[in-house]
Each structure stands twice: as structure tokens, then as C-alpha cells.
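Whatever order the structure lists ligands and atoms in, that order sets their numbers, starting from 1.
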Amino acid sequence: MNVLLLSMPDYFEHMPPIAIRMPNGALASLAGNIDGHHPVAIADLILCHDSVRQNVARLIHELNPDVVGLSVMTFQRRTAGRIIALARQLKPSVKIVVGGYDPSLAPEAYENMGVDYIVRGEGEITFRELVRALESCSQLDGICGLSYRTGTRWVHNSARLPHRLEDGDIRLPKRSSRVLRGYTLLGRQVDVVETSRGCTYDCSFCSIIEMRGRNFYSYAFDRVLADIRDARDHGARTIFLVDDNITLNVRRFEALCRAIIEAGLNQLDYFVQAMTSAIADHGATLAPLMQQAGFRYVFLGIENILEGDLRFLRAAAKNTEHRNGNQAGNATLRAIDLLHRHKMYVVGGLIVGNPEDTVESIEANLEFARRYVDWPYIQHPTPYPRTPMTEDFRRRGLITIERLEEYDGTTAVVRTEHVPPDEIEYRRWKAERWMKVRHMPAAFRHDPWFVIRNAPQMMAHTFRGATFRSLLGLESSRKAFQRYKAIRSRERVYL
Ligand code: B12
Ligand code: SF4
């Protein structure tokens, strides 16, 4: 069976395609895990976000797929609907499968979108079994994690338990299936690699717990190293370790750094997400190893610097430092200091606009980011399907925007008890632009040619909506913000 796998073109403010175009890790993993005789093609539509219709039509025409699979996040649902309609129009008999966070957490939303199958939760084994069943025209009722249509009725098979990742059952991703080119992270080809899945915390804004429960399973190092080598052999110079929470097991992470160094794979740049508590508590031994292994950017889930907000986000525990077995306050500053001392850059993940936030508390977080982080990744709380936070916001009547295409994390779709959404977003937008400019010299030192060639476009992206008059203070920056909002709204229409 010919299989075509697509990830959505939708991007958000912190991922401008001029500088960042990452492959979707799920699709290569799915491709590597269906039976080997099926021709499979992967198209990450971020690589052609300005010509989606033409590219999807071309791929369907050239590849004549029997099965089209889409990987979808919540803010991409509208685009997914349009791509489904296009695929159906071009080839009415094609079988359409959706998977990923949004179809898993809101399967009911896809029942009337023209799809045939919904894969809930982890996809490798479910999709392998589905393609087998389609090939042999056999029953679908025994495939855990699958939802399917019979006539007008949808059947939801029982859930599939998260895979323990330990017996080689999940094979390596198949990167050779990618048919579009142009992956980049600031000028270096980037790829994604998993070393573990899952997390045992329960932050109220995070989709991971509803997706798979509270658990943590990891791949053997041999497999991880083979995966990194494969990414490198396909041209990657930067590797993003996409683990949900690699710092849950610090000793394992340290051993992984040693394994990367011993395998000579530390010539690559690495990018990883981490908890502040783990870095603060263990950074003295962990950070030097990370530096030696090639880690360059660390996304720190700081979330917020105020205790009240951390409690609301259920993120206090993962941001607490420990000394001699006792709690010793917020871990953020120590974590940042340890990473800086070992020449790593901090991507600061903060969430502003929580229910009790005032203008002052928002500004306190923005000021913190200005002072301490190298690259801001500041977002607004976003009520994704089935997260505990969504229930809180809905109960309090604070959700102001229901249009899911705006749920990209940098659009304020909820208000606080004291501040309207536009004001929250305006303050974040205004502050972040200048923080991003500050990182340009560091990017220049690492990749001078990329920055020389792309600096004008990167600046233009960062300052969308601004004019010389607004930058010189001759026009209100609120006007520039309104223009930026209008540009964002147009950008979201991919086809
Ligand atoms: C790595 C990552 C990123 C990376 C890379 C994205 C990429 N190109 O792959 C970056 C940093 C770019 C990113 C950005 C964003 N991300 Co992100 N990201 C993740 C993270 C940490 C891991 C995802 C991953 O690769 N997992 C490994 C793969 C193998 O697993 P998987 O994606 O779950 O796929 C499995 C199943 O879902 C299923 N599946 C998936 N697709 C398909 C398709 C088919 C056909 C089938 C059958 C099955 C299937 O099978 C796969 C294999 O088992 C998750 C989870 C987390 N804990 O935070 C968030 C997460 C996916 N991101 C999320 C969000 C919201 C975003 C952003 C919008 C902004 C933000 N708030 O952070 C941006 C938007 C990106 C953009 N396009 O502009 C949310 C999604 C929530 C939702 N309900 O949609 C998550 C869940 C985090 C959260 N807040 O809870 N992200
Ligand atoms: S620690 Fe990270 S992965 Fe774990 S629940 Fe919190 S946000 Fe999600």
C-alpha cells in the first residue's frame, strides 16, 4: 500500500520558518514501523508552508497513495480539515488517518471531518496493525488505540497502553522516506531524536499526562546512538532530543552524555528540554557533561517566577531546589547560572496570563526574562483539550477565544481576573522582540554566513507590524501591535 504521511504547515511566533524548520519525529517513526514492503513518503509541510495546496496536490498525483496520514496539534486542526478535504477531492477512495495530540485528546472533533481512522496515543504499533488490516481486508476491532467508522457510527477500540520501549519492537525512524528538503535550526540542518517517553509530573497546562498517563520509559543507549548516527548520516548537524522530560532520570542523562562523547557524536550540536530542579540539584556534575557532549541550547521549563502562579500551573515541585534532602526555594536562578557557566544558552519557557495575574505580575516575569534568559520562549496559558488547566479556565469563565487556530501559545486566548487578553499579549510581544535581537551576536558567532544572509528577514519577522515611526516612538507601539495581529491572522491561512 502506498502511504503518504503529512505534518501540518502551521507555525507559531517562536518558530519562524526562515530560521527554524524541524522535522516531525512522529512521522519518521511511523514510517520505520510499518511493514517494509509498503512504499512510504513523508512530507513536513512546514518546508512548503507558502505553497501547501500545490505540494499536497503534486504529492497525491505523483505518489497515488492508498493511505494518507496526518499528524495534528490542536492549533493545526483547521488546516488539517482543509488538507483532508483536498486529499478527498483529489482521490475520493483514499483512506485518511489522523493521529497526534489533537486527534488523541479530542477524537470526537474528527468524526465529522471526513477521516476514516483516528489513531489515539502512541502510533507505531497501532498504525502498523491498521495498514496490515487494510492490506488484508481484515477486522479492525482488535486494534487497540484505533477509532474507525462503520457506516455512520464510530467505534472506539480500547486504549493502547504506552509501549515500554525496551524490546526493540519499535524500530528506528525511517528518515529516507522524507521527500521535501530544507530542515534547519539557524542555518544547520536539524533532526529530532527520542531517548525516552513520558513524564511523572502533572503540570496543569501540559497535554502529556492525558495523552499517555504518568510514566517514563526509555530506549537503550545503543538504539539512541544508532538513531543519532542515522540523523547525522542524513545530514543533521543539530539534534533536538524531543523527550518529554529527559531530566527525570539525571543519572541516566549523565550516562547518555558520556555515551555520546565516547561514540564521538559530540561534534553535533544538541538541544534539549529540562526541569530547573534537576539542573539546579545535579548541575554540578551534569552540566559539564552536557557541555562536553555538545549541548548548546537548553529549554528550561521555568513557567513562572511567582509562587502563586507556579501553584496554579502545578509546576512548583519541578522548580524547587533541594539541599541536603530539604527544599531550598526556587531552582531557576541556580539552574540558569550552572548552564551559563558551562557555555550553554537558556531558552526560557515562561507562561504569563494566568488567572490571578495582574499587569505587575506579568511585567515581573517579563523583566526576569530580560535579565536572565538568552532566548525568550514566553507563552500564554492555552486551554488545550482535556488538560486540567482548561477546566479551571472554563469554570472561571476566562476563555475569550474559541478559535482553535489561535491556540498557538503566543496568542492570548484567555483573560486573567484583572487583565484582558489583548493587553497580556501586547506586553509579551513588545518585550520579547528586543530580547530576541540580543541573541543575534551569539547566533552570528556560531553561524556567521547564515546570519549575514538572513538577518534582514529575521529582523523583519521579529518586528512584523513595526515601522520606523513606531520604533522611534513617533507612533504608538499599540498600533504596530494591531498590525502584527492582522499579519498573524493572515499568516494562519495556509490553504
Ligand atoms: C518536540 C516538541 C516540539 C518541537 C518539535 C516539533 C516537531 N516538529 O516535531 C517544537 C519545539 C518545535 C515544538 C513546538 C511547538 N509545540 Co510542541 N512538543 C514537542 C514535544 C515535547 C514532543 C513531541 C515529539 O516529538 N514526541 C515524539 C513523537 C514520536 O511522539 P508524538 O509526537 O506524540 O507522536 C506519537 C503519537 O502522537 C502518534 N502520532 C503522531 N502523529 C501521528 C500521525 C499519524 C497518522 C498517526 C497514525 C499517529 C501519530 O504516534 C507517534 C508515535 O508514537 C511534545 C510533548 C511534551 N511533553 O511537551 C510537545 C507538544 C506536542 N507541543 C505542543 C505545542 C502546543 C507546541 C507549540 C504550538 C507551542 C508550544 N506551546 O510549545 C509549538 C508549535 C510548533 C510549530 N509547528 O510551530 C503541545 C501540543 C498540545 C496540543 N494539544 O496540540 C505538546 C503536547 C506540549 C504541551 N504543551 O502539552 N514542539
Ligand atoms: S514536567 Fe514537563 S513534560 Fe512533565 S508534566 Fe510538566 S510540562 Fe509536562
With [atom] as the reference point, say which of [options] has the nearest heavy atom.
{"atom": "atom 48 (C) of ligand 1", "options": "Val68, Leu404, Leu30", "result": "Leu30"}
{"atom": "atom 13 (C) of ligand 1", "options": "Tyr11, Tyr407, Tyr377", "result": "Tyr377"}
{"atom": "atom 78 (O) of ligand 1", "options": "Phe12, Tyr117, Phe127", "result": "Phe12"}

Check your understanding: Quick one: do the His38 and Asp66 side chains pair a donor with an acceptor below 3.5 Å?
Key ->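 The criterion, which ignores hydrogens and geometry beyond distance, is not satisfied for Asp66 and His38.
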
Practice item. Answer with yes or no whether the side chains of Asp281 and Ser277 bring together a donor and an acceptor at under 3.5 Å. Key: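 Their side chains do not contain a donor-acceptor pair, so the 3.5 Å distance test is not met.
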
Review point. At a non-hydrogen distance cut-off of under 4.0 Å, which region of Glu194 contacts ligand 1 (side chain, backbone, both, or neither)?
Key: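 Only the side chain of Glu194 comes within reach of ligand 1.
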
Using a strict 4.0 Å cut-off to heavy atoms of [X], name the atoms of ligand 1 that fall inside it.
{"X": "Pro23", "result": "7 (C), 8 (N), 9 (O)"}
{"X": "Ala26", "result": "29 (C), 32 (O), 34 (O), 40 (C), 41 (N), 51 (C)"}
{"X": "Gln273", "result": "21 (C)"}

Practice item. Give a yes or no on whether a salt bridge exists between Arg251 and Glu254, defined as a side-chain N under 4.0 angstrom from a carboxylate O. Key: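 Looking at Arg251 and Glu254, the cut-off is met.
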
Review point. Atom 8 (Fe) of ligand 2: which protein N, O or S atoms are under 2.8 Å away?
Key: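 Listed by chain and number, the atoms are Cys206 SG.
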
Review point. Is the centre of the Tyr345 ring less than 6.0 Å from the centre of the Phe295 ring?
Key: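 When the ring centroids of Tyr345 and Phe295 are compared, they turn out to be at least 6.0 Å apart.
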
Check your understanding: Is there a side chain to side chain contact (heavy atoms under 4.5 Å, CB included) between Leu105 and Ser207 once you walk through the steps?
Key -> CA-CA 8 Å; Leu105 296 175; Ser207 306; 3.7 Å; yes

